[in-house]
Each structure stands twice: as structure tokens, then as C-alpha cells.
Visitor: 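Please find one structure pasted underneath; my questions will follow.
Naming convention: chains lettered A, B, ... in sequence-line order (proteins, then strands); numbering from 1 in each chain.
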Protein chains: 2
Amino acid sequence: MRDTPTVAARGPITRPAPLRQAVYEALVELIINGSLKPGQHLVEAELAEHLGVSRQPVREALQRLQTDGWVDLRPAQGAFVHSPTEEEATQLLSVRAVLETHSARGAALHATEQDVARLWELQEAGIAALAADDARGIVEANAALHGFITELSRNKVLAELIPQVDRRVRWYYMPIAKPRGKDAWNEHAQLIEAIAEGDADRSEELMRCHTQHTTDFYSRQIAAATAQRS
Amino acid sequence: MRDTPTVAARGPITRPAPLRQAVYEALVELIINGSLKPGQHLVEAELAEHLGVSRQPVREALQRLQTDGWVDLRPAQGAFVHSPTEEEATQLLSVRAVLETHSARGAALHATEQDVARLWELQEAGIAALAADDARGIVEANAALHGFITELSRNKVLAELIPQVDRRVRWYYMPIAKPRGKDAWNEHAQLIEAIAEGDADRSEELMRCHTQHTTDFYSRQIAAATAQRS
DNA sequence: GCGCAGCAGATTGCATACGAAAACCTGTAT
DNA sequence: ATACAGGTTTTCGTATGCAATCTGCTGCGC
């Protein structure tokens, strides 16, 4: 047949994505957007029906949701949406900080000129979103920049761990926190310069400060929100 | 009936541990002790038969083995025992180092007098194993000491992450590496003193040095082993 | 001899059904 | 009100079937 794709399939061969992964992502989305509330009991059969799949992929997705901290799996009882505490949020933030600090060091050691150019592009995008007062755009640009720095560290272990921790942090803080704004992006600029120079120590130190400021910023917002509630 | 246990069941009630977890542990054991070799294709049906269970718990165990880095799960092809590279081992080591450094800080902030006493006990056990030239005992005492410091940080996220990373590190280095011996335990002693004083900065710094030395030590052994092979 | 199409076997991924054990809920008797 | 008994719900494991896909082999044409 003429349209035989032959072996010369382009790009990342379209592997049939396992259904369990689609279920996983669907459930994460439902948890993040609040459709599934913390503490809620997740019944396999209900989820399966709701998503139009059988129970098996749901079970497998729940397994991974547990190891990633989204749900608690109590033996013989089932899955419950994880209830994040303020304490846990603080811990997540501090762990993310040390991991990102480490990745900044790696980035400084491995970044090429092209990589640095890409960093500046992402920085520009962030500044633009900032100028446009586009909150969602700011968050996305920030995630893209930090994510790219993680990539640059060329450390696969970090590349696994940071996104996991990061998503859980964002889940907790997203509903209440606003992006930090101008200061953060000034710090980014300094950091990019240090990475461009290949100065590992300075990059690390700058990232440490940056994440520290971010942590403080969020802590204040949490405190304010808590005070308001009581 | 007389023997009704009533509600006053003591301690961590012996929940019927899910079978999938037993399978998970059995497979980790088989991978660690070399029965299942890196790169080997794991066929669900075979494992199920060999372990005397059905395919489902095996599948679920394989899921978790993947997220913990023990196997690679290729869609529509199955599970393959992960082949650790030297590069990845180095990265695992560096990530473990930063996480443990962070946990040392937490430990200094939270340790009680009893906790410190327990640390000295574990230290004694290590010294005793060292004197008896009991390699396995040394490794166990070392793991116990580091594990307890992680606990003391009172950081659940660290308590999740460190053991995961740690087991993978040990898998890679165990066959070739010997325990470091006396120097390591001197460093432990200093570290415990710093924790006892609640000196977070110093604890952090001492742990950083300690893990750095360990990393260097292992790297040299790897280099030696590699040189010997070629 | 070499490359490639096509076929057969093996394996995964998912669906379905079923039974046992545990946990939860409810109504009743003390 | 409290304790208990019984029924319901839900998880957990098993068994089985089947479609899609990957692997490896065979055999054909060049």
C-alpha cells in the first residue's frame, strides 16, 4: 500500500499511551481543580464508571497517585484524597528548595550558550507576562524557567523528583497564593548570569536565596489567609 | 463470644498487608541479590507463577517498582530490570547527599535529649561492629543512624524520599563497595554533638562534609573497579 | 546473498465476572 | 445510651477472555 508508514516514522513514535496514565492525569486534574476534595473516599467502581473504563486501570492509577502523594491508600479500605496540612506544605517547600538549589549548581556546570539563550527567552516571556499582569502566564513562565534549569542540571534523578514535589507544592499553594512579581524576576536574571558564567557556587547561592524568598513570601500569605479565617 | 477483640486493639493493628506489597518486596529482593539481572525482561505470567499469585498483584507491584526506579516499564512490551549506569549512580549519590544534609539541619532543630541518647546508642553499635570487623553490621548500623537522623528531621517528605534514593544507591554500590570505616564514625560523632547542641548550621555543614567524603570514597572505588575491568 | 513483506507466536493491556474477607452501617434488644 | 447482630458495601485477589502490538522467523523477489 502506498501509505505504508514504513519504518521512517517521524519523531517520537506514537506509542499507544497506556490508559492507566490517562486515568492518572485525569484524577490529578480532578484533585487539583477541586472536584475531588481532600479526605474524600474514592470508590474504584465509581471512578471507573465516571471515566468510562474498567476498574483495573483505575486501580493502577491509584497506586501511582499514592506514591506521588495525591491520595492515601488504606489497606482494605481504599483510596482517600490526601489532606495536605500546612506543616506538610512547608516541608514540601523546603525540600523543593534544596533540590532546586542543587539543580542550579548542575545547570551552571552544564549549560551551553544555546541553553543560556533559551533561558533568556523564558525570562523575557516572564517579564512580558508580568507587564501584561497575566497571572497565569507568570506562573507558567516561572514553571518553564525553573523546569528548564532542572533539565540543564542533566541529572535524571532531580528531573524525576523535582516535578513530583513541585506539583504537590503548587496544589497546596495555588488556590491562595499570587505570583511574587518583579523581585523574583530580578533574581532570575542574576541567576541566569551566574549560570552563563558557569559559576556553580554563585548559581547555587543565588538559587538558595531565591527559593528562600519564595518560601518566606508564601509563608506570609498562608499566615495571612489563616489569620483571616480565624 | 469471649475472645471478641473489642475495639481496644493495640498498636499498629496487623492490617492484612496487601499482597502487591509482598510481591514488591520479593521482587526488590530478587533484583538486589542478583536473581533478576539488569536488562532482563520480566514476564508477568512467569513472575505470577513463580510467586504463586495471579497477574494483577504482579502488575501493581511492577508499577511501583517503576516509580521507584527498579524497573523500566516500556508500553506494550513489559518490564525490564533497570540497568543503572555509573552516571546515574553518581547523580543518586549527589541527590541523597543534599537531602541528608537538609535532614541534618532538621534533626538539630527537633532532637530531644532522648533522641540524642538514641543516636549515641546507634553510634556505639556502629563502633562495636567496626571493632568486630563485621561488614554487614557496619552497613546496618550506618543505615540505622542515618535513618534515625532522617526521622528526627520530622519532615515526612524527606522521610519518603531519602529511603527511596538510598535503596537505589545501595543497590548500585553494594556489590563493589566496602564500608568506609573509622573516619566515617568519627564524623558521625561530631555530627551527633552538633545535633545535641541544636546547632543547625554546624550540623548541616558536618553532614555536607560527611556525605562528600562518602561520595569521594565510593567514586574512587568505582574508578578502581572500572580500571580493573578494562 | 540481501532486503523486505508477511505471517505466527508471545505478551501486554484492558474488560469482565466472581468469591472471600474486611470494614462500615443500621436496627434492635438490653 | 450501649453493645451486639446482621446485612451492605467495598476492597482485594483470582480467573478468564480478547484485541492490539511487538518480536522473530520464514520465504519470496531482486
Side-chain angles (χ1 to χ4, degrees), chain A residues 1-27 36 39-67 70-82, chain B residues 1-27 36 39-67 70-82:
Chain A
M1 303 169 183
R2 286 198 347 287
D3 61 352
T4 304
T6 75
V7 187
R10 78 213 84 283
I13 306 165
T14 46
R15 296 268 185 189
L19 197 48
R20 58 173 178 269
Q21 187 168 341
V23 172
Y24 174 91
E25 281 158 18
L27 290 179
L36 302 176
Q40 182 175 342
H41 186 191
L42 300 181
V43 179
E44 293 174 2
E46 285 177 13
L47 297 178
E49 192 186 11
H50 186 260
L51 297 172
V53 299
S54 79
R55 283 176 53 198
Q56 181 134 345
V58 172
R59 284 177 66 85
E60 290 174 3
L62 287 175
Q63 302 288 324
R64 242 194 86 200
L65 286 168
Q66 179 185 40
T67 66
W70 293 104
V71 307
D72 300 316
L73 229 47
R74 287 185 250 166
Q77 293 186 42
F80 298 79
V81 179
H82 183 70
Chain B
M1 307 180 180
R2 289 197 344 285
D3 60 349
T4 303
T6 74
V7 188
R10 80 210 76 283
I13 306 165
T14 47
R15 298 269 185 188
L19 197 47
R20 59 174 175 270
Q21 187 168 339
V23 173
Y24 173 91
E25 282 158 19
L27 290 179
L36 302 176
Q40 183 175 342
H41 186 193
L42 301 180
V43 178
E44 293 173 2
E46 283 177 15
L47 297 178
E49 192 186 10
H50 185 261
L51 297 172
V53 299
S54 73
R55 275 177 63 197
Q56 182 129 345
V58 172
R59 285 178 64 84
E60 291 174 3
L62 287 175
Q63 303 286 325
R64 240 194 88 199
L65 285 169
Q66 179 184 40
T67 67
W70 293 102
V71 307
D72 300 315
L73 230 47
R74 287 186 250 166
Q77 282 180 265
F80 298 79
V81 179
H82 182 68

Visitor: Could you please name the option among dC12(D), dA15(C), dT12(C) that lies closest to any side-chain atom of L19(A)?
Guide: dA15(C)
Visitor: If you compare all heavy atoms of L62(A) against all heavy atoms of E44(A), which two are closest, and at what distance to 0.1 Å?
Guide: CD1-CG, 4.1 Å
Visitor: What is the distance, rounded to the nearest whole Å, between atom CG of L73(A) and atom P of dT10(D)?
Guide: 16 Å
Visitor: H41(B) side chain: which of dC14(C), dT10(D), dT12(C) is closest?
Guide: dT12(C)
Visitor: Quick one: R59(B) CZ to dT11(C) P, roughly how many Å, whole number?
Guide: 14 Å
Visitor: So if I take every side-chain heavy atom of Q77(B) and compare against dC22(D), dA15(C), dA23(C), which nucleotide ends up nearest?
Guide: dC22(D)
Visitor: Where the side chain of Q56(A) is defined as all heavy atoms beyond and including C-beta, which of dA23(C), dA15(C), dT21(D) is the nearest nucleotide?
Guide: dA15(C)
Visitor: Give, for atom CD of E25(B) and atom CG of L65(B), the distance between the pair rounded to the nearest 0.5 Å.
Guide: 10.5 Å
Visitor: Less than 4.0 angstrom between a side-chain N/O of R20(A) and OP1 or OP2 of dG13(C), yes or no?
Guide: yes
Visitor: Hey, which sits more toward the 5' end of DNA chain D by its nearest nucleotide, R55(B) or E60(B)?
Guide: E60(B)
Visitor: When rounded to the nearest 0.5 angstrom, what is the spacing between CZ in R64(A) and CD in Q66(B)?
Guide: 7.5 Å
Visitor: Whole angstrom is fine here: how far is it from CD in E44(A) over to P in dT16(C)?
Guide: 15 Å
Visitor: Among dT11(D), dA15(D), dA15(C), find the nucleotide with the atom closest to the side chain of V43(A).
Guide: dT11(D)
Visitor: For L42(B), report the nucleic acid contact type (base, sugar-phosphate, nothing); a contact means any heavy atom under 4.0 Å.
Guide: sugar-phosphate
Visitor: When you measure from the side chain of H41(B) to the backbone N and O of Q77(B), does any donor-acceptor pair fall under 3.5 Å?
Guide: yes
Visitor: Measure the distance from CZ on R74(A) to P on dT9(D) and round it to the nearest whole Å.
Guide: 20 Å
Visitor: To the nearest angstrom, how far is F80(A) atom CZ from dT11(D) atom C1'?
Guide: 11 Å
Visitor: Taking everything shown except H50(A) itself, do over 12 heavy atoms lie less than 6.0 Å from its NE2?
Guide: no
Visitor: What's the closest nucleotide to the V53(B) side chain, out of dT14(D), dA15(C), dC22(D)?
Guide: dT14(D)
